[in-house]
Amino acid sequence: MRRNFLHMMRDVRLLSRLRRRHFLWPAAIGVGLAAGYNAVLPLLISTTDVRPTVEHMLDAWSGGKSRIASNPEISFWPEPTLTLRSATIETADGSSRKLAHIGSITATFSLLSAIDGTPALRDVRLVEPVVTLERRTDGTLNWRRPHWLATPDVRAADRDTPFGDVTVENGRLQIIDLVTNQTREFSGISGTIAWPSYSKELSARLSGSLGGQMVAWTLECNEPLSLLTGRDTALKTSLTSAALNLSFEGHGNLSSAPAATGRLQVSTASLQALSAWYQGKGARALPDSGFSLSANVTSGKASLKLDDLHVTLGGANATGILDVSTPLDNTHRLEGTLAFDRIDLNGLQPFIDPLEPDELTQQLSDAFARGWRADVRLSAQEALVGPLRLEDLAAGIIIDHGRASIDVADSTYANGRLSGRLEASEKGLAGGGKLELVLKNADLSAALAGLGFTGPVPTGRGNVNFDLTTEHPFWAAQAAEASGRIRLSLANGNLSGFDASAFANLVRAGEFFSLAQASDGNFAFQTADIEASFGEGSARLNRAIFAGETGNLSVNGVVPYRSGSLALAGTYIDTLNAGQRLRFFVGGSWPNAVISPLSVLGEPN
């Protein structure tokens with residue numbers, strides 16, 4: 001038994017030695033191969049031609065002239081990687097102006113392609129690239145169009161240096177516009193551009209800081225070379241930031257006259273915030289409200305059509321269609337129709353034309369008024385304009401050679417039909433203009449109450465014609481300096497707050513009295529005709545005639561509305577008392593008028 005046990009232990013020791021030998025040999029061989037791999041490969045791969053190869057690749061990409069300052073650095077673990085530092089791309093026209101500078105370029109490559117000095121690079125990484133895009137005063141760009149963009153044959157271009165996958169780390173884009181003397185910078189750019197070859201799909205995902213806000217941009221294109229060489233192709237792009245969201249999906253090209261067809265969506269939570277992001281400061285003229293637009297877009301050489309349009313602004317929603325044409329040799333035109341559910345112009349008055357416009361708003365307003373012609377038809381279920389609440393509005397906006405007008409073809413107000421025209425001055429609505437309104441078969445009590453009238457006012461159904469001219473904004477206090485005319489005609493109504501019998505008795509009494517003493521009642525009339533003109537701070541009541549079964553009332557005179565005082569002369573014919581003619585004078589202020597019987601004024605002291 002002891003002998004068997006000793007034999008067994010010897011066999012175990014022998015087996016263990018054999019296993020250690022089998023393990024050590026492969027390990028030793030692996031270490032030797034790794035050492036040989038790192039020792040021999042640098043000898044087989046020529047680094048002399050690597051830098052010119054990468055410079056040629058950059059030249060082909062950019063259309064410029066490239067220089068790499070440092071010698072290539074090559075590592076082979078865990079995979080073959082090439083690193084070049086301090087690359088500069090300059091113009092190729094001999095001026096040697098810098099187009100871009102790249103802190104370092106790293107890329108993986110194939111060993112077989114690198115042995116002959118022409119490594120096929122993959123997974124290119126650009127670290128801290130700084131790109132300068134400049135528009136010169138003649139409209140040209142500092143970047144020359146690379147040859148592969150001018151190649152109409154995609155298959156031929158595909159034989160050139162492919163892009164592969166490019167990763168950008170901490171990049172910066174400087175945009176210099178010498179025409180407007182403006183410079184913008186897009187910094188902290190990071191992301192990837194996947195483009196295996198010129199004929200393959202391109203996918204870009206980039207983000208960075210623009211104007212102090214993070215912006216993310218994406219692009220997916222099935223045939224990017226077709227897009228860049230001016231041919232239509234399918235694409236999808238989006239821009240996302242705190243101030244603006246924009247997306248487009250459809251077909252387009254980037255020819256000398258770019259065109260696109262597809263669905264466009266634009267939205268912002270605040271127009272003021274968007275303005276502040278765009279120009280570095282908020283525009284007081286813009287409302288602090290959201291805006292969104294979505295439409296099927298079709299653009300041509302000098303035209304843009306927005307179909308199936310949905311717009312939201314300041315709580316107002318609209319659908320419709322707009323056509324924009326921008327011919328180079330003619331005035332730009334905007335035409336179309338918009339149907340709103342509700343329009344609140346009171347919240348958009350500063351936006352329409354601010355009292356103190358900032359520079360941007362003034363430039364946009366001047367450019368649009370002088371350089372555009374517009375004919376846009378509007379409809380709304382409800383529209384709020386100052387104290388007026390209009391229903392079933394049908395209107396049009398016309399702009400022609402600096403003249404702008406809003407024509408109300410039809411609407412419902414005070415249970416009547418309202419039409420009119422607002423014509424802005426050549427200075428815009430901030431410079432006033434002309435307002436004409438015609439109200440037919442309306443409830444005058446509701447209309448006058450809506451305008452804020454108090455005291456004895458005529459009730460009943462009738463017509464109103466109103467004309468006004470002012471050099472101040474219609475919504476400003478200075479609009480009281482306006483001039484114009486108003487005429488009212490009514491039938492079968494009442495002069496509310498006016499007791500004709502009590503009034504006649506007080507006049508006959510021959511004492512001064514307040515109109516409030518004759519306010520407990522209504523004066524029924526069969527017809528009423530009122531006409532007044534106003535200007536220079538006062539209104540002249542040319543006539544106000546009320547004809548009823550119990551008497552006839554007529555008033556005329558002047559109302560200086562700057563002071564709110566009254567200076568009117570009147571006559572009341574009391575048909576219930578043998579047609580007695582009672583004459584009186586109205587002073588004081590509205591609605592607290594003071595009546596002076598003419599008999600009192602005519603008596604000596």
Side-chain angles (χ1 to χ4, degrees), residues 45-75 80-110 113-136 140-151 156-176 185-187 189-198 202 204 206 208 224-225 228-229:
I45 296 175
S46 172
T47 60
T48 304
D49 297 329
V50 170
R51 183 166 57 185
T53 299
V54 176
E55 289 177 340
H56 172 73
M57 178 189 70
L58 294 177
D59 292 347
W61 282 4
S62 65
K65 181 64 178 175
S66 305
R67 292 184 295 103
I68 299 176
S70 65
N71 292 320
E73 302 173 9
I74 300 179
S75 64
T81 303
L82 171 69
T83 302
L84 298 108
R85 305 187 187 279
S86 188
T88 301
I89 303 176
E90 299 175 341
T91 56
D93 57 5
S95 62
S96 299
R97 298 189 63 182
K98 185 183 293 186
L99 299 173
H101 180 269
I102 306 172
S104 65
I105 303 172
T106 62
T108 60
F109 60 90
S110 167
S113 65
I115 290 176
D116 61 1
T118 57
L121 304 182
R122 303 188 302 268
D123 300 329
V124 178
R125 185 178 299 272
L126 306 179
V127 180
E128 296 183 351
V130 179
V131 178
T132 301
L133 180 62
E134 182 180 276
R135 184 175 73 153
R136 305 186 182 101
T140 60
L141 299 177
N142 58 336
W143 286 78
R144 190 180 70 177
R145 189 179 181 90
H147 72 280
W148 55 271
L149 280 181
T151 304
D158 197 38
R159 292 195 294 268
D160 210 332
T161 305
F163 276 85
D165 292 347
V166 179
T167 300
V168 178
E169 290 185 2
N170 195 27
R172 185 154 45 100
L173 173 63
Q174 294 177 326
I175 302 177
I176 302 173
E185 184 173 290
F186 190 11
S187 61
I189 302 175
S190 298
T192 59
I193 302 173
W195 193 0
S197 67
Y198 290 119
L202 180 148
L206 296 173
L225 199 62
L228 297 171
T229 54

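For reference, positions follow the sequence shown, starting with 1.
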Novice: Name all pairs fulfilling the salt bridge (charged side-chain N to carboxylate O under 4.0 Å, His left out) condition that reach into residues 56-67, sequence neighbours left out, sorted by first residue then second.
Specialist: R67-E90

Novice: Using 0.5 Å steps for rounding, measure from the CG atom of L58 to the CG atom of L126.
Specialist: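 With rounding to 0.5 Å, CG (L58) is 8.0 Å from CG (L126).
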
Novice: Say whether, by atom type as modelled, one donor and one acceptor occur between the side chain of E185 and the main chain of I175 under 3.5 angstrom.
Specialist: no

Novice: Hey, mind stepping through V54 and I68 against side chain to side chain contact (heavy atoms under 4.5 Å, CB included) and telling me if it holds?
Specialist: CA-CA 9 Å; V54 176; I68 299 176; 3.7 Å; yes

Novice: Is the closest side-chain heavy-atom distance between E169 and P129 below 4.5 Å?
Specialist: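 E169 does not reach P129 side chain to side chain.
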
Novice: Please tell me if the side chains of L84 and R51 come closer than 4.5 Å, counting only heavy atoms from C-beta onward.
Specialist: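 Sidechains of R51 and L84: in contact.
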
Novice: Between V166 and T192, is any pair of side-chain heavy atoms under 4.5 Å apart?
Specialist: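 No - every pair of side-chain heavy atoms lies 4.5 Å or more apart.
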
Novice: Determine yes or no for a side-chain-to-main-chain donor-acceptor pair under 3.5 angstrom, with T167 supplying the side chain and R125 the backbone.
Specialist: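 No; zero donor-acceptor contacts below 3.5 Å.
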
Novice: Taking C-beta and beyond as the side chain, do E134 and L141 meet within less than 4.5 Å on heavy atoms?
Specialist: no

Novice: Is V124 close to I105 at the side-chain level, that is, under 4.5 Å between some pair of heavy atoms?
Specialist: yes

Novice: Can we say R172 and E128 salt-bridge, meaning some charged N sits less than 4.0 Å from an Asp/Glu carboxylate O?
Specialist: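 Judged by the 4.0 Å cut-off on N to carboxylate O distance, R172 and E128 do not form a salt bridge.
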
Novice: Given 3.5 Å as the limit, does a donor-acceptor pair link the side chain of S66 with the main chain of I89, or not?
Specialist: no

Novice: What distance separates T81 OG1 from D123 CG, expressed to the nearest 0.5 Å?
Specialist: 9.0 Å

Novice: Which distance, rounded to the nearest 0.5 Å, do you find between the CG of N142 and the CG of L133?
Specialist: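 So the gap between those two atoms works out to 6.0 Å.
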
Novice: Could you tell me which non-hydrogen atom of A92 sits nearest to which non-hydrogen atom of G63, and how far apart they are?
Specialist: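 So the two residues come closest at CB-O, 4.0 Å.
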
Novice: Looking only at non-hydrogen atoms, find the nearest pair between F186 and G208 and report the distance.
Specialist: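 Scanning both residues completely, I find the closest heavy atoms to be CE1-C, 3.3 Å.
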
Novice: Counting only heavy atoms from other residues, nucleotides and ligands, does the tally under 6.0 Å from CZ of R136 exceed 12?
Specialist: yes

Novice: Apply side chain to side chain contact (heavy atoms under 4.5 Å, CB included) to the pair V131 and W143, showing each step before the final yes or no.
Specialist: CA-CA 10 Å; V131 178; W143 286 78; 3.6 Å; yes

Novice: Atom OG1 in T88, atom NE2 in H101: separation rounded to 0.5 Å?
Specialist: 4.0 Å

Novice: First locate atom CG of L206, then atom CD1 of I193, and finally report the distance between them rounded to the nearest 0.5 Å.
Specialist: 5.0 Å

Novice: May I have the step-by-step check of side chain to side chain contact (heavy atoms under 4.5 Å, CB included) for S190 and V168, ending in yes or no?
Specialist: CA-CA 5 Å; S190 298; V168 178; 5.9 Å; no

Novice: List the steps and the verdict of side chain to side chain contact (heavy atoms under 4.5 Å, CB included) for T106 and L82.
Specialist: CA-CA 5 Å; T106 62; L82 171 69; over 6 Å; no

